[in-house]
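Here the structure comes first, spelled out in structure tokens, and everything after it is commentary.
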Amino acid sequence: MIGRPRFTAAAAALLTSALLLSGCGAAGEASAAPDTLRVALLPDENASDVIKNNEPLKKHLEEELEMDVELVVTTDYSSMIEAMSRGRLELAYFGPLSYVLAQEKADIEPFAALQEVDGEDPTYQSVFIANADAGIESLADVAGRTVAWGDQASTSSHLIPKAMLAEEADLRVDQGDYEEQYVGSHDAVALAVQNANADAGGMSLPIYERMAEEGLIDPATVVKVQESEPYANYPWTMQSDLPEDLKEKLRRAFLDLEDPAVLEPFDAAGFEEVTDSDYDAVRELAPLLDIDLEDYQ
């Protein structure tokens, strides 16, 4: 269990009809082990890069589980949620908000989240960024500007930075305080800001730091305006009706993982156990944003 992060944000409703997904999983007896374990990775960066970077994970799981593994990157968060709810995936790596939405529709359970620094709680942060030429030095300066978000169901490239604007600067898109655009992924947000297609944006702090380190963005052009408080990290989840022996092997495959080649794409020191209650902070944030999670079943 990890400590619950503090959310004090109040913002406009974030989710639209794109998240009104059909299909609902139901609890039942354990299913048979699949011939191939289908593992979904978040579509928050270029899909081919995500697959390539996680080949060591695929190899690790195949060795530990002694079964074939297929890596999957869906077109967006909504299709990933739907695929999990319809049983088309056995394992999925969700963001906190997309996990909460998926858990409302499917019988799934979180079991591991990455640790970015060895020994610390499995938490991470979002960051609000801006183009240096836009003259945005604080959240209040975003008034009247254009802001880029990733996916609508993304926690760190939509939910949290949008809530930061509402709570800390009293800026709300539904009041016309700024304009917004959805560009689909974290790296797309960073590039939109770098290319001045948006004045500012929100994204995962670890992804920002990695893109800066790899030279994909110039931190002198794409500047950090403000980091969020820490909150529960992305959970690995599995279908609850998988055979118990397979579920235990999956837990051990992640919680005992020490291979640097597997951990490197996640910028992780390792993985730590998490439970559903670690994501209650996201559920508690939803009513403040006029979101009824049950409406999305």
Side-chain angles (χ1 to χ4, degrees), residues 33-77 79-81 83-84 87-95 98-99 102 108 110-118 122 124 150-151 154 156-157 184-191 203-217 233-239 242 245-274:
D35 293 330
T36 299
L37 190 78
R38 296 164 295 184
V39 179
L41 298 158
L42 272 172
D44 55 8
E45 297 181 78
N46 180 275
S48 61
D49 289 342
V50 172
I51 294 291
K52 179 180 177 181
N53 292 339
N54 285 280
E55 282 299 322
L57 172 65
K58 179 177 183 289
K59 180 179 178 181
H60 169 72
L61 291 177
E62 288 180 333
E63 291 177 351
E64 293 296 316
L65 304 175
E66 298 182 327
M67 62 189 305
D68 292 334
V69 171
E70 176 187 1
L71 298 183
V72 177
V73 178
T74 59
T75 55
D76 55 24
Y77 284 52
S79 55
M80 184 172 169
I81 293 169
M84 198 67 171
R88 296 170 181 163
L89 302 166
E90 285 75 44
L91 201 67
Y93 185 50
F94 280 112
S98 54
Y99 159 68
I108 61 175
F111 64 94
L114 65 84
Q115 293 176 301
E116 291 174 36
V117 180
D118 193 17
Y124 82 126
D151 192 286
S154 172
S156 56
S157 68
S185 63
H186 294 260
D187 53 350
V189 170
L191 293 174
M203 64 184 296
S204 162
L205 177 58
I207 294 178
Y208 171 88
E209 292 175 338
R210 181 181 56 73
M211 292 184 72
E213 181 180 349
E214 295 179 358
L216 300 175
I217 57 173
N233 220 328
Y234 292 29
W236 276 102
T237 69
M238 58 179 144
Q239 296 285 0
L242 290 174
D245 61 338
L246 177 56
K247 291 168 67 174
E248 182 57 26
K249 287 181 179 180
L250 282 168
R251 292 187 188 97
R252 298 273 56 89
F254 282 89
L255 298 178
D256 296 341
L257 178 59
E258 297 180 350
D259 187 346
V262 180
L263 295 170
E264 183 178 2
F266 298 95
D267 293 324
F271 288 91
E272 183 174 315
E273 184 176 4
V274 290

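Here the structure is a predicted model, which is why all the values come from computation and not from measurement.
- Using a distance-only test at 3.5 Å, with no hydrogens or angles considered, a donor-acceptor pair links the side chain of Asp151 to the main chain of Tyr77.
- Classification of Glu55 and Lys59 as a salt-bridged pair fails, no side-chain N sitting under 4.0 Å from a carboxylate O.
- Taking the side chain as every heavy atom from C-beta outward, Leu42 and Ser154 never approach each other to under 4.5 Å.
- Scanning for ring pair (Phe, Tyr, Trp, His ring centres under 6.0 Å) contacts around Tyr208 gives an empty result, with sequence neighbours left out.
- With values rounded to the nearest 0.5 angstrom, Leu41 atom CG is found 6.0 Å from Ile51 atom CD1.
- You'll find the side chain of Leu255 stays beyond 4.5 Å of the side chain of Trp236, heavy atoms only.
- Ring geometry for His186 against Tyr234 counts as tilted: the plane angle lies between 30° and 60°, on a 0 to 90° scale.
- Residues Val39 and Tyr93 have side chains not in contact (no heavy-atom distance under 4.5 Å, counting atoms from C-beta outward).
- Side-chain contact between Met67 and Leu246 is present, with heavy atoms from C-beta onward closer than 4.5 Å.
- For the pair Ala47 and Val73, the tightest heavy-atom approach, listed with the atom from each and the gap, is CB-CG1, 3.7 Å.
- The distance from the OG1 atom of Thr75 to the CE atom of Met80 is 11.5 Å, given to the nearest 0.5 Å.
- Residues Phe266 and Asn54 are in side-chain contact: their nearest non-hydrogen atoms beyond the backbone lie under 4.5 Å apart.
- Pairs passing the salt bridge (charged side-chain N to carboxylate O under 4.0 Å, His left out) check and including a residue from residues 204-217, sequence neighbours excluded, read Glu45-Arg210, Arg210-Glu214.
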Test side chain to side chain contact (heavy atoms under 4.5 Å, CB included) on Arg252 and Lys249; report intermediate values, then the result. CA-CA 5 Å; Arg252 298 273 56 89; Lys249 287 181 179 180; 5.9 Å; no
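- Residues Glu64 and Leu257 fail the side-chain proximity criterion, which asks for heavy atoms closer than 4.5 Å.
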Criterion side chain to side chain contact (heavy atoms under 4.5 Å, CB included) on Glu273 and Arg251, from CA distance to verdict: CA-CA 8 Å; Glu273 184 176 4; Arg251 292 187 188 97; 5.8 Å; no
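- The two atoms that bring Leu114 and Ala268 nearest to each other are CB-CB, 3.7 Å, heavy atoms only.
- Considering only heavy atoms from C-beta on, Asp68 stays 4.5 Å or farther from Asp35 through its side chain.
- Proximity of Lys247 to Gln239: side-chain heavy atoms (C-beta onward) are nowhere separated by under 4.5 Å.
- Residues Leu89 and Ala40 come closest through the heavy atom pair CD1-CB, 3.5 Å.
- Taking OG1 of Thr74 as the start and CE of Met84 as the end, the distance is 11.5 Å to the nearest 0.5 Å.
- With sequence neighbours left out, the side chain to side chain donor-acceptor pair (under 3.5 Å) criterion links Arg88 to no other residue.
- For the residue pair Ala253 and Leu61, the shortest heavy atom distance occurs at CB-CD2, 4.0 Å.
- Taking NE2 of His60 as the reference point, atom CZ of Phe254 lies at 7.0 Å (rounded to 0.5 Å).
- In this structure, Glu62 contributes its side chain and Val69 its backbone to a donor-acceptor pair below 3.5 Å.
- One distance of note links CG of Leu57 with CG of Leu71; it measures 6.0 Å at 0.5 Å rounding.
- In this structure, CG on Leu250 lies 5.5 Å from CG on Leu91, to the nearest 0.5 angstrom.
- Annotation: side-chain contact (heavy atoms from CB on, under 4.5 Å) contacts of Pro206 (sequence neighbours excluded): Glu116, Tyr124, Ser204.
- Ala261 meets the side-chain contact (heavy atoms from CB on, under 4.5 Å) test with Pro56, Asp259; sequence neighbours excluded.
- In this structure Phe94 satisfies the ring pair (Phe, Tyr, Trp, His ring centres under 6.0 Å) test with no other residue, sequence neighbours excluded.
- Here the closest non-hydrogen pair linking Ile108 and Ala102 is CD1-CB, 3.9 Å.
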Passes salt bridge (charged side-chain N to carboxylate O under 4.0 Å, His left out), Arg38 versus Glu70? Steps please. CA-CA 5 Å; Arg38 296 164 295 184; Glu70 176 187 1; 5.7 Å; no
